[in-house]
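Structure record follows, encoded as structure tokens.
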There are 2 protein chains.
Amino acid sequence: MDEVFKALADASRRSLLDRLHARNGQTLNELCEGLAMTRQAVTKHLVILEEANLVTAVRQGREKLHYLNPVPIHQIGERWIRKFERGKLAALSELKRQLEKRDE
Amino acid sequence: MDEVFKALADASRRSLLDRLHARNGQTLNELCEGLAMTRQAVTKHLVILEEANLVTAVRQGREKLHYLNPVPIHQIGERWIRKFERGKLAALSELKRQLEKRDE
DNA sequence: TTGACATGCAACCATTTGGTTGCCTATTAT
DNA sequence: ATAATAGGCAACCAAATGGTTGCATGTCAA
């Protein structure tokens with residue numbers, strides 16, 4: 001879980017996920033195109049994404065194809081985001097109440 | 001957006017959000033209780049959470065009360081998580097196809 | 001009014017992070 | 001066979017991160 005959050009914390013990595021979401025199964029070189037970063041830097045990001053299970057890579061000949069694995073993102077949505085959405089209205093109204101109390 | 005992801009990337013900060021989710025409006029000292037960290041470290045985490053707008057603090061006399069703001073978490077759920085959930089099945093089936101192709 | 005309590009500020013430190021460069025290996029195409 | 005292509009490995013670097021300690025400030029209670 002922590003690895004997933006950490007992996008998502010970097011904008012470059014999120015953009016890599018975006019690219020894979022737009023077109024799945026891209027090679028390393030394809031993922032490097034147009035980025036202001038060396039291939040090695042992209043490799044490091046992809047390793048982190050793989051370790052977080054957000055990306056699965058398949059070596060095919062001399063190319064390495066990268067596939068998005070949406071499961072961990074889904075899990076974060078399920079186990080984390082929704083938990084906080086439940087108490088949402090209550091939390092907001094209490095916050096509002098306190099902010100008003102401050103101005104008395 | 002980036003600040004929110006970065007703020008969520010640390011387990012201590014997520015646990016602070018959890019504590020506020022359990023009981024909203026806690027003071028700094030209350031939030032420090034039972035944590036293996038100095039008060040100053042907790043302060044730093046809270047600053048980061050405030051900058052990401054995940055927490056709003058209200059000074060009340062000599063105490064500072066901290067309130068959870070669930071809006072940014074909700075936005076991440078809306079704008080980011082759901083986007084990846086949409087293509088989920090398609091992505092998974094293509095991944096499966098490729099993994100099988102590898103074993104031929 | 002004075003001491004205790006709640007928090008703030010700043011300097012410092014070790015480790016992690018995001019990136020680089022240089023070189024090596026494996027596969028494909030000519 | 002050999003050159004070009006795709007990727008991997010390792011050492012290095014600067015900056016960011018997560019934490020500490022020491023001291024200062026503001027507020028409440030006796």
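All chains are named by letter (A, B, ...) in the order of the sequence lines, taking the proteins before the strands, and each is independently numbered beginning at 1. Model, not experiment: these values are computed from the prediction. Any value given below was found using the heavy atoms of this structure, including those in side chains, with hydrogens, waters and symmetry copies removed.
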Heavy-atom contact window of chain B on DNA chain D, given 5' to 3' at under 4.0 Å: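 Listing 5' to 3', DNA chain D meets chain B from dT17(D) to dC28(D).
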
Under 4.0 Å from OP1 or OP2 of dC5(C): is there any side-chain N or O of N29(B) that close?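 The answer is no; no side-chain N or O of N29(B) sits under 4.0 Å from OP1 or OP2.
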
Measuring to OP1 and OP2 of dC9(C), would you say a side-chain N or O of K44(B) lies under 4.0 angstrom away?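 The answer is no; no side-chain N or O of K44(B) sits under 4.0 Å from OP1 or OP2.
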
Degree of bending in the helix from dT1(C)-dA30(D) to dT30(C)-dA1(D) once both end axes are built from five pairs, to 10°: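 End-to-end axis angle: 20°.
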
L49(A) and side-chain contact (heavy atoms from CB on, under 4.5 Å): which single residue from V55(A), V4(A), L8(A), D10(A) fits?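 Checked V55(A), V4(A), L8(A), D10(A) against L49(A); only one passes side-chain contact (heavy atoms from CB on, under 4.5 Å): V55(A).
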
State yes or no: do L20(A) and M37(A) share one hydrophobic cluster built from I, L, V, M, F, W and Y residues joined by side-chain heavy-atom distances below 4.5 Å, directly or via other members?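 Hydrophobic grouping puts L20(A) with M37(A).
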
To the closest 0.5 Å, what do you measure between CG (L28(A)) and CD (Q40(A))?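 Nearest 0.5 Å value for the CG-CD distance: 8.5 Å.
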
To the nearest 0.5 Å, how far apart are CE in M1(B) and CZ in R79(B)?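 Reported value, rounded in 0.5 Å steps: 6.0 Å.
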
Is there a side-chain contact between Q75(A) and N53(A), using heavy atoms and a 4.5 Å cut-off?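 Side chain of Q75(A) against side chain of N53(A), heavy atoms only: no contact under 4.5 Å found.
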
Can you tell me whether the side chain of R59(B) and the base of dT7(C) have a donor-acceptor pair closer than 3.5 Å?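 No such pair is found, so the answer is no.
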
Aromatic plane relationship, H21(A) with F84(B) - under 30° parallel, 30 to 60° tilted, over 60° perpendicular: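 Tilted.
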
Any idea which of dT7(C), dA10(C), dG22(C) is nearest the L28(B) side chain?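 The answer is dT7(C), which lies nearest to the side chain.
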
